[in-house]
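Remember, it's a predicted structure, so these values are computed and weren't measured experimentally.
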Amino acid sequence: MLLVDALPELAEELHELLVKDGRPELASQIPVLKIVDRCRCGDYFCASFYTQPKPNGSYGPGHDCLELAPAEGMLILDVVAGEIAHVEVLNRDGVRRRLLAVLP
Ligand SMILES: [Zn+2]
């Protein structure tokens with residue numbers, strides 16, 4: 001499932017924030033980014049999702065965290081070897097509702 005199909009508004013927002021942040025190489029991944037699974041932690045404020053298969057344990061070397069500055073909530077990207085692997089989305093009710101609808 002493509003992020004742009006499942007969450008078009010969030011995809012656009014991520015793209016804009018990455019361009020603004022001077023990360024065009026990450027912004028260019030957004031249109032082809034796939035949602036592999038959503039986070040199953042069950043926290044009511046969590047709308048995070050995986051865009052690469054979930055690692056066994058923690059991310060290894062080459063892992064980078066990039067915190068963006070959205071107008072609402074929190075957005076943090078986990079980047080592994082230059083590829084967006086996980087998008088942490090917190091305190092975004094609209095995104096969470098939509099994510100739960102497409103990935104029960
Ligand atoms: Zn979670």
Which heavy atom of Leu99 sits nearest a heavy atom of Ala47, and at what distance? CD2-O, 3.4 Å
What's the shortest heavy-atom distance between Val19 and Ala27, and which atoms? CG2-CB, 3.8 Å
Please answer whether the main-chain N or O of Asp93 pairs with a side-chain N or O of Glu72 as donor and acceptor at a distance below 3.5 Å. no
Identify the two heavy atoms, one from Cys39 and one from Tyr50, that lie closest to each other, and give their separation to 0.1 Å. CA-CE1, 4.1 Å
When hydrophobic residues are tied together by side-chain contacts of less than 4.5 Å, even through go-betweens, does Val79 share a cluster with Tyr59? no
For Asn91, does its backbone N or O pair with a side-chain atom of Arg96 as donor and acceptor, under 3.5 Å? no
So NE2 of His15 and CZ of Arg23: to nearest 0.5 Å the spacing works out to 14.0 Å
To the nearest 0.5 Å, what is the distance between CD1 on Ile84 and CG on Leu18? 6.0 Å
Where is the tightest heavy-atom contact between Pro31 and Leu2, given as atom of each residue plus distance? O-CD2, 4.2 Å
Treating Ser48 as the side-chain partner and Val89 as the backbone partner, does any N or O pair qualify as donor plus acceptor under 3.5 Å? yes
Beyond-backbone contact of His86 with Lys54, side-chain heavy atoms, under 4.5 angstrom: no
Does Gln52 reach the side chain of Val80, with side-chain heavy atoms less than 4.5 Å apart? no
Tightest non-hydrogen contact, residues Ile30 and Val4, listed as O-CG1, 4.1 Å
Taking the side chain as every heavy atom from C-beta outward, state whether Leu10 and Phe49 have any pair of such atoms under 4.5 Å apart. yes
Calculate, to the nearest 0.5 Å, the distance between atoms CD1 and CG belonging to Ile76 and Leu90 respectively. 6.0 Å
Salt bridge or not for Arg92 and Glu13, using N-O below 4.0 Å? yes
To the nearest 0.5 Å, tell me how far Lys34 NZ sits from Leu3 CG. 12.0 Å
Separation between CG of Leu7 and CE of Met1, rounded to the nearest 0.5 Å: 9.0 Å
Hydrophobic clusters here meaning ILVMFWY residues chained together by side-chain heavy-atom distances under 4.5 Å, can you tell me if Leu33 and Ile35 are in one? yes
About how many Å separate CG of Leu17 and CD of Glu12, when rounded to the nearest 0.5 Å? 11.0 Å
Between Gly73 and Pro70 the two heavy atoms that sit nearest each other are O-CG, 3.5 Å
Run Leu100 and Arg38 through side chain to side chain contact (heavy atoms under 4.5 Å, CB included) and show every step you take. CA-CA 8 Å; Leu100 283 154; Arg38 67 175 173 87; 3.4 Å; yes
Out of curiosity, does Met74 fall in the hydrophobic cluster containing Tyr44 (side-chain heavy atoms, cut-off under 4.5 Å, transitive links)? yes
